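Being a predicted model, the structure only gives us computed values, none of them experimental. Just so you know, these numbers use all the heavy atoms, side chains as well, and skip hydrogens, waters and symmetry mates.
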Amino acid sequence: MNPPLLLPILSYPDPRLHKVAKPVQAVDERIHALIERMLATMYDANGIGLAATQVDVHERLIVIDVSETRDQPMVLINPEIEWASPEKRKGEEGCLSVPGIYDGVERSLAVRVRALDGQGVERTIEAEGMLAVCIQHEMDHLMGKVFVEYLSPLKRDRIKSKLVKAQREAQRA
């Protein structure tokens, strides 16, 4: 069996990162193949989460693996947050679509999410800590929001300039 092909990850400030994802209509072979490719892409990029929006597929699908061993993938299809703790904490976040940039974002400490798993079975997930942060971060992508949008306009503009310059230099190389 051939390994799944890696997907290109969109980089901020690509406007496609701001598209709002539509619900997945059916958990079929196309979605299973997409899940496999997204997981391979996330692991290859050393990420802990990846939303379909980041690979230019605008459907409500997220893959996550916050395990130390990198062998406990979680698939969330059409996720909805049912509850988020009122207690919040500011933590350092990064993003595969915003390479090399890390900054503080305030998130709920715990969330309860209802979603379909990779087999199309409805699940409820109670998450806290890193998993809760990762779920909130990836769900933002499905709404067309990138974590840098939580930062001040000045910081956001600096990040945008830095990444656009890096992209230009990469194209010249």
Side-chain angles (χ1 to χ4, degrees), residues 3-22 24 30-79 81 89-108 111 113 115 117-118 125 127 129-151 155-171 173:
L5 296 171
L6 299 179
L7 297 160
I9 298 172
L10 300 178
S11 286
Y12 183 80
D14 192 307
R16 293 172 291 180
L17 287 168
H18 299 296
K19 282 187 177 178
V20 175
K22 304 269 188 269
V24 170
R30 181 184 68 84
I31 291 297
H32 290 147
L34 178 59
I35 290 167
E36 207 173 303
R37 292 181 73 190
M38 284 176 61
L39 284 167
T41 301
M42 177 187 74
Y43 288 128
D44 183 71
N46 291 317
I48 60 169
L50 186 67
T53 301
Q54 293 175 271
V55 293
D56 203 19
V57 176
H58 303 283
E59 293 181 75
R60 295 183 60 77
L61 169 61
I62 294 169
V63 296
I64 291 174
D65 188 344
V66 296
S67 69
E68 294 284 324
T69 48
R70 311 294 287 139
D71 61 357
Q72 295 170 39
M74 180 181 285
V75 175
L76 302 177
I77 298 170
N78 298 335
I81 291 181
R89 180 180 300 137
K90 192 172 196 169
E92 194 88 341
E93 286 188 30
C95 179
L96 295 176
S97 291
V98 191
I101 306 292
Y102 298 87
D103 213 314
V105 177
E106 193 173 86
R107 302 273 188 195
S108 291
V111 293
V113 180
D117 66 13
I125 295 127
M130 175 69 80
L131 180 57
V133 168
C134 190
I135 288 171
Q136 293 170 81
H137 176 108
E138 299 307 331
M139 285 187 67
D140 275 354
H141 279 299
L142 300 181
M143 298 308 297
K145 189 168 189 174
V146 181
F147 90 96
V148 295
E149 292 169 51
Y150 288 102
L151 308 178
K155 270 189 178 176
R156 203 169 41 244
D157 288 345
R158 283 186 180 154
I159 290 167
K160 195 181 288 187
S161 297
K162 183 177 178 179
L163 291 174
V164 166
K165 183 180 176 193
Q167 288 165 12
R168 271 199 305 265
E169 288 171 1
Q171 286 170 349

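- The cationic group of K90 does not satisfy the cation-pi geometry with Y150, failing either the under 6.0 Å distance to the six-membered ring centre or the 45° limit from the ring axis.
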- Task: Starting from the C-alpha separation in whole Å, work towards a yes-or-no answer on side chain to side chain contact (heavy atoms under 4.5 Å, CB included) for L50 and I62.
- Result: CA-CA 6 Å; L50 186 67; I62 294 169; over 6 Å; no
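- At least one donor-acceptor pair closer than 3.5 Å links the side chain of R60 to the backbone N or O of P79.
- With rounding to the nearest 0.5 Å, the separation of CG in D140 from OG1 in T53 is 10.5 Å.
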- Task: Dump the intermediate steps for side chain to side chain contact (heavy atoms under 4.5 Å, CB included) on I81 and M139, then the final yes or no.
- Result: CA-CA 9 Å; I81 291 181; M139 285 187 67; 3.6 Å; yes
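- Atom-to-atom distance recorded for D56:CG and D14:CG is 7.0 Å, nearest 0.5 angstrom.
- Of all the heavy atoms in R70 and D65, the pair that sits closest is NH1-O, 2.6 Å.
- A donor-acceptor pair under 3.5 Å is absent between the side-chain atoms of S108 and the main chain of V111, judged by distance alone.
- Side chain of T41 to main chain of L7: a donor-acceptor pair is present (N/O by atom type, distance under 3.5 Å, no hydrogens or angles).
- A side chain to side chain contact (heavy atoms under 4.5 Å, CB included) with I48 is found for exactly one of H137, M130, E138, namely M130.
- Side-chain contact between Y102 and E93 is absent, with no heavy atoms from C-beta onward closer than 4.5 Å.
- In terms of modelled atom types and a separation under 3.5 Å, the side chain of S97 and the main chain of L10 share a donor-acceptor contact.
- With hydrogens and angles disregarded, a donor-acceptor distance shorter than 3.5 Å links the side chain of H18 to the backbone of G144.
- Considering OG of S11 and CG of L96, their distance stands at 9.5 Å, rounded to 0.5 Å.
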- Query: Which is it for I101 and K162 under the side chain to side chain contact (heavy atoms under 4.5 Å, CB included) test, yes or no, and what are the steps along the way?
  - Reply: CA-CA 10 Å; I101 306 292; K162 183 177 178 179; 4.0 Å; yes
- Would F147 and D103 count as a side chain to side chain contact (heavy atoms under 4.5 Å, CB included) if you check the C-alpha gap in whole Å, the side-chain angles of each, and the deciding distance to 0.1 Å? CA-CA 9 Å; F147 90 96; D103 213 314; 4.3 Å; yes
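- Pairing each heavy atom of A127 with each of I135, the nearest pair is CB-CD1, 3.9 Å.
- No side-chain donor-acceptor contact under 3.5 Å links Q136 to the backbone of R107.
- Side chain of R156 to backbone of L151: a donor-acceptor contact under 3.5 angstrom is found.
- The minimum heavy-atom distance linking I35 with G118 is given by the pair CD1-CA, 4.0 Å.
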Exercise answer: donor-acceptor pairs, residues 71-78 side-chain atoms, under 3.5 Å, sequence neighbours excluded:
unit_1	atom_1	unit_2	atom_2	d
D71	OD1	T69	OG1	2.5
N78	OD1	V24	N	2.7
N78	ND2	V24	O	3.1

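- Atoms CD1 and CD1, on I64 and I125 in that order, are 8.0 Å from each other to the nearest 0.5 Å.
- Taking the side chain to side chain contact (heavy atoms under 4.5 Å, CB included) definition, one finds that N46 meets it with nothing, sequence neighbours left out.
- A donor-acceptor contact shorter than 3.5 Å links the side chain of E149 to the backbone of V146.
- The structure places CE of M38 at 9.5 Å from CD1 of I9, a figure rounded to the nearest 0.5 Å.
- Taking all atoms of both residues into account, the shortest heavy-atom contact from P13 to K160 is CG-CG, 3.6 Å.
- Counting non-hydrogen atoms of other residues, nucleotides and ligands closer than 6.0 Å to CZ of R158 gives a total of 12 or fewer.
- Using a 4.5 Å heavy-atom threshold, the side chains of V20 and H58 count as separate.
- With Q54 contributing its side chain and A51 its backbone, the two residues share a donor-acceptor pair below 3.5 Å.
- A salt bridge is defined here as a Lys NZ or Arg NE, NH1 or NH2 lying under 4.0 Å from an Asp or Glu carboxylate O, and K19 with E59 fails to meet this definition.
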